[in-house]
Every structure is written in structure tokens, then in C-alpha cells.
S.K.: 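Dropping a structure here in C-alpha cells format, bear with me for questions.
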Amino acid sequence: GSVVATIDNPSNLWFPKPKDRDEIHGPANNKATPCAAGHVVGVSSLTVSDALVICTDGSSMVTSDSGQSWEKAAKLPGTMAVGTGGGRYWIAGTTAKCDGISVRSLTFSGGEMTPSRSRCAPTPEVIAGEVALDVSENTIWLWAGQKVQTSSDGGQNWN
């Protein structure tokens with residue numbers, strides 16, 4: 001048989017509430033609904049204190065106090081997925097200059113969100129919910145539709 005484990009009060013984790021994905025739970029039982037308009041596209045954390053939420057209206061919200069408070073960071077329209085890796089946030093989505101999925105890293109410091117240069121992964125047309133992103137050391141993993149691609153050079157080339 002299988003064993004099913006449940007955790008009533010996970011600590012030091014970031015996650016959307018399963019029955020209401022717009023409610024983000026953070027460490028120390030903090031919970032909030034950071035997207036004032038629209039819904040949560042995704043949440044990703046750098047540390048127990050620092051996390052980023054992307055909203056369907058293109059706004060991004062950041063926290064540096066484990067989710068006790070959230071502040072607007074930047075407009076990132078077209079974002080379909082969010083992740084972290086290499087000490088940075090990463091986003092993937094659509095832009096006018098990319099015939100596929102645009103991938104870029106973001107740094108947040110001193111109240112300012114600074115995006116890196118956008119890199120384009122050629123993909124067939126995809127819809128929201130069909131894109132995921134992760135970064136491990138020097139490799140970017142991008143799932144779009146039926147295809148998984150990787151880049152080991154910051155998104156310049158995709159396999």
C-alpha cells in the first residue's frame with residue numbers, strides 16, 4: 001500500500017493555498033493575498049524571508065519579511081512562470097520580441113527590480129498553465145507545452 005503524509009502547519013515553506021491559489025502562505029504561518037488585481041501566476045522564494053509573486057495583470061509583488069508585508073516591484077506583463085536559481089528570480093512568458101517563450105532573470109535590491117536581458121526559447125504556441133521554469137546551477141530548464149528545453153549558457157542556446 002501507499003502511505004499518505006499530511007502536514008497541517010508546514011514551516012519555512014512558501015506555497016499557494018490548495019483551495020485558493022491566490023492566498024500565499026509563507027514561513028511562520030504568514031498568509032496574504034498579494035495580487036490586488038487578477039490572480040497569482042506563481043510564487044518563488046530565494047530565502048525564508050524573500051519571495052516574489054507574479055500576478056495575472058503583470059504586476060510583481062515582493063516580500064523581505066517572510067510574507068508579513070508585500071510591495072509592488074515591477075510590471076512584468078506576459079509572465080507565465082516564475083522560479084529561482086543562482087541567487088536570482090527567473091520568469092518565463094511571452095513578449096512581442098520573442099517567437100516562443102522569453103526567459104530572463106531578475107534581481108531585487110534597494111526596492112528596485114532589475115531584469116536581465118531577455119532570452120528567447122523557440123517554442124510552439126503555448127497557453128498559461130503550460131509553462132514551467134527552474135534553474136539549477138548553470139542550467140535553465142524550461143517546460144513549454146509538450147517540450148522541455150535546457151540552456152547552459154544563460155538562455156542564448158536551447159537544446
Side-chain angles (χ1 to χ4, degrees), residues 14-26 30-47 49-136 138-151 153-159:
W14 292 93
F15 62 94
K17 182 179 179 180
K19 292 183 180 177
D20 178 6
R21 296 191 47 82
D22 292 329
E23 184 176 286
I24 302 300
H25 289 243
N30 290 323
K31 58 186 169 185
T33 309
C35 293
H39 300 286
V40 170
V41 171
V43 60
S44 195
S45 64
L46 286 174
T47 66
S49 301
D50 300 297
L52 168 71
V53 166
I54 303 290
C55 307
T56 53
D57 69 348
S59 62
S60 64
M61 305 295 290
V62 293
T63 181
S64 58
D65 58 12
S66 300
Q68 291 178 42
S69 64
W70 293 85
E71 63 181 282
K72 284 187 178 183
K75 278 294 217 183
L76 302 165
T79 300
M80 301 168 97
V82 60
T84 54
R88 298 174 177 200
Y89 297 111
W90 291 80
I91 58 170
T94 57
T95 64
K97 297 177 182 174
C98 174
D99 187 21
I101 297 296
S102 169
V103 176
R104 61 178 19 174
S105 67
L106 309 167
T107 53
F108 184 76
S109 178
E112 293 289 320
M113 182 73 73
T114 306
S116 71
R117 183 170 175 218
S118 178
R119 298 295 185 176
C120 188
T123 62
E125 194 169 316
V126 295
I127 59 172
E130 291 185 349
V131 178
L133 170 78
D134 198 14
V135 178
S136 175
N138 294 328
T139 304
I140 303 168
W141 295 79
L142 176 67
W143 167 69
Q146 301 291 318
K147 194 172 181 183
V148 174
Q149 297 181 75
T150 61
S151 174
D153 60 7
Q156 293 180 60
N157 296 291
W158 294 91
N159 303 319

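The figures here come from the full heavy-atom set of this structure, side chains too, leaving out hydrogens, waters and symmetry mates.
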S.K.: Is there a side-chain contact between H25 and K17, using heavy atoms and a 4.5 Å cut-off?
M.R.: yes
S.K.: Roughly how far, to the nearest 0.5 Å, is OG1 of T79 from CG of L106?
M.R.: 8.0 Å
S.K.: Are there over 12 heavy-atom neighbours, none belonging to N138, within less than 6.0 Å of that residue's CG?
M.R.: no
S.K.: Find out whether V43 and P16 are in side-chain contact, i.e. whether some heavy atom of one side chain is under 4.5 Å from a heavy atom of the other.
M.R.: yes
S.K.: Take a 6.0 Å sphere around CG of D99 and say whether it holds more than 12 heavy atoms from other residues, nucleotides or ligands.
M.R.: no
S.K.: Measure the spacing between CH2 of W143 and NZ of K147 and express it to the nearest 0.5 Å.
M.R.: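 Here the rounded value is 14.5 Å.
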S.K.: Within a radius of less than 6.0 Å around CH2 of W141, do more than 12 heavy atoms belonging to other residues, nucleotides or ligands occur?
M.R.: no
S.K.: What closest approach, in Å, do G83 and S44 show between heavy atoms, and which atom pair accounts for it?
M.R.: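 Nearest heavy atoms, G83 then S44: C-OG, 3.2 Å.
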S.K.: Set out, in order, the CA-CA distance, both residues' side-chain angles and the distance that settles side-chain contact (heavy atoms from CB on, under 4.5 Å) for S45 and T84, then state yes or no.
M.R.: CA-CA 7 Å; S45 64; T84 54; 5.8 Å; no
S.K.: Rounded to the nearest 0.5 Å, what separation is found between the CZ atom of R104 and the OG atom of S116?
M.R.: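 Taking CZ in R104 and OG in S116, the distance rounds to 6.0 Å.
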S.K.: Do T123 and Q149 pass the side-chain contact (heavy atoms from CB on, under 4.5 Å) test, and can you show the C-alpha distance, the side-chain angles, and the key distance before you say yes or no?
M.R.: CA-CA 9 Å; T123 62; Q149 297 181 75; 3.1 Å; yes
S.K.: Please confirm whether the backbone N or O of G85 pairs with a side-chain atom of W90, one donor and one acceptor, at under 3.5 Å?
M.R.: yes
S.K.: Would you say the side chain of T150 lies within less than 4.5 Å of the side chain of L142, judging by non-hydrogen atoms?
M.R.: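 Sidechains of T150 and L142: no contact.
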S.K.: Please name the pair of heavy atoms, one in A32 and one in G67, separated by the smallest distance, quoted to 0.1 Å.
M.R.: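 Here A32 and G67 meet closest at CB-O, 4.2 Å.
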S.K.: Parallel, tilted or perpendicular: which describes the rings of W14 and W70, with under 30° parallel and over 60° perpendicular?
M.R.: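 Rings of W14 and W70: perpendicular, over 60°.
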S.K.: Counting neighbours of CD on E112 that are heavy atoms of other residues, nucleotides or ligands and sit closer than 6.0 Å, is the number greater than 12?
M.R.: no
S.K.: Which residue, V103, D153, D134, forms the side-chain contact (heavy atoms from CB on, under 4.5 Å) with I140?
M.R.: V103
S.K.: What distance do S60 atom OG and L52 atom CG have between them, rounded to the nearest 0.5 Å?
M.R.: 5.5 Å
S.K.: Go through the steps for R21 and H39 under the test side-chain contact (heavy atoms from CB on, under 4.5 Å), then give the verdict.
M.R.: CA-CA 8 Å; R21 296 191 47 82; H39 300 286; over 6 Å; no
S.K.: What are the two closest non-hydrogen atoms of P122 and C120, and how far apart are they?
M.R.: CD-O, 3.6 Å
S.K.: To check you understand the geometry: which heavy-atom pair defines the closest contact between N157 and S151, and what is its length?
M.R.: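 For N157 and S151, the tightest heavy-atom pair comes out as O-OG, 2.8 Å.
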S.K.: What are the two closest heavy atoms between V41 and C55, and how far apart are they?
M.R.: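 So the minimum-distance heavy-atom pair works out to CG2-C, 3.7 Å.
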S.K.: Once rounded to the nearest 0.5 Å, what's the spacing between atom NZ of K72 and atom CE of M61?
M.R.: 6.5 Å
S.K.: Are T94 and M80 close enough, and set up right, to give a side-chain contact (heavy atoms from CB on, under 4.5 Å), and what steps lead you there?
M.R.: CA-CA 8 Å; T94 57; M80 301 168 97; 3.9 Å; yes
S.K.: With heavy-atom distances below 4.5 Å as the criterion, would you say the side chains of D57 and K75 are in contact?
M.R.: yes
S.K.: Look at the side chain of T63 and the backbone N and O of S69, then say whether any donor-acceptor pair between them is shorter than 3.5 Å.
M.R.: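 Yes.
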S.K.: As a quick check of understanding, evaluate side-chain hydrogen bond (donor to acceptor under 3.5 Å, both in side chains) for S49 and S64, giving each step before the final call.
M.R.: CA-CA 5 Å; S49 301; S64 58; over 6 Å; no
S.K.: Which heavy atom in R119 sits nearest to a heavy atom in G154, and how many Å separate them?
M.R.: CG-O, 3.2 Å
S.K.: Flag the pair C35 / V53 as yes when at least one side-chain heavy-atom distance between them is below 4.5 Å, and no otherwise.
M.R.: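 Counting from C-beta outward, C35 and V53 do come under 4.5 Å.
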S.K.: Working to the nearest 0.5 Å, report the span between CG of D50 and OG of S66.
M.R.: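 Atom-to-atom, D50:CG and S66:OG are 8.0 Å apart.
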S.K.: Under the side-chain contact (heavy atoms from CB on, under 4.5 Å) test against V40, which residue among V82, I24, T33, I54 passes?
M.R.: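 The residue from V82, I24, T33, I54 that satisfies side-chain contact (heavy atoms from CB on, under 4.5 Å) with V40 turns out to be I24.
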S.K.: Are E23 and F15 side-chain neighbours, meaning at least one heavy-atom pair lies under 4.5 Å?
M.R.: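 A side-chain contact under 4.5 Å is absent here.
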S.K.: Is there a side-chain contact between S105 and Y89, using heavy atoms and a 4.5 Å cut-off?
M.R.: no
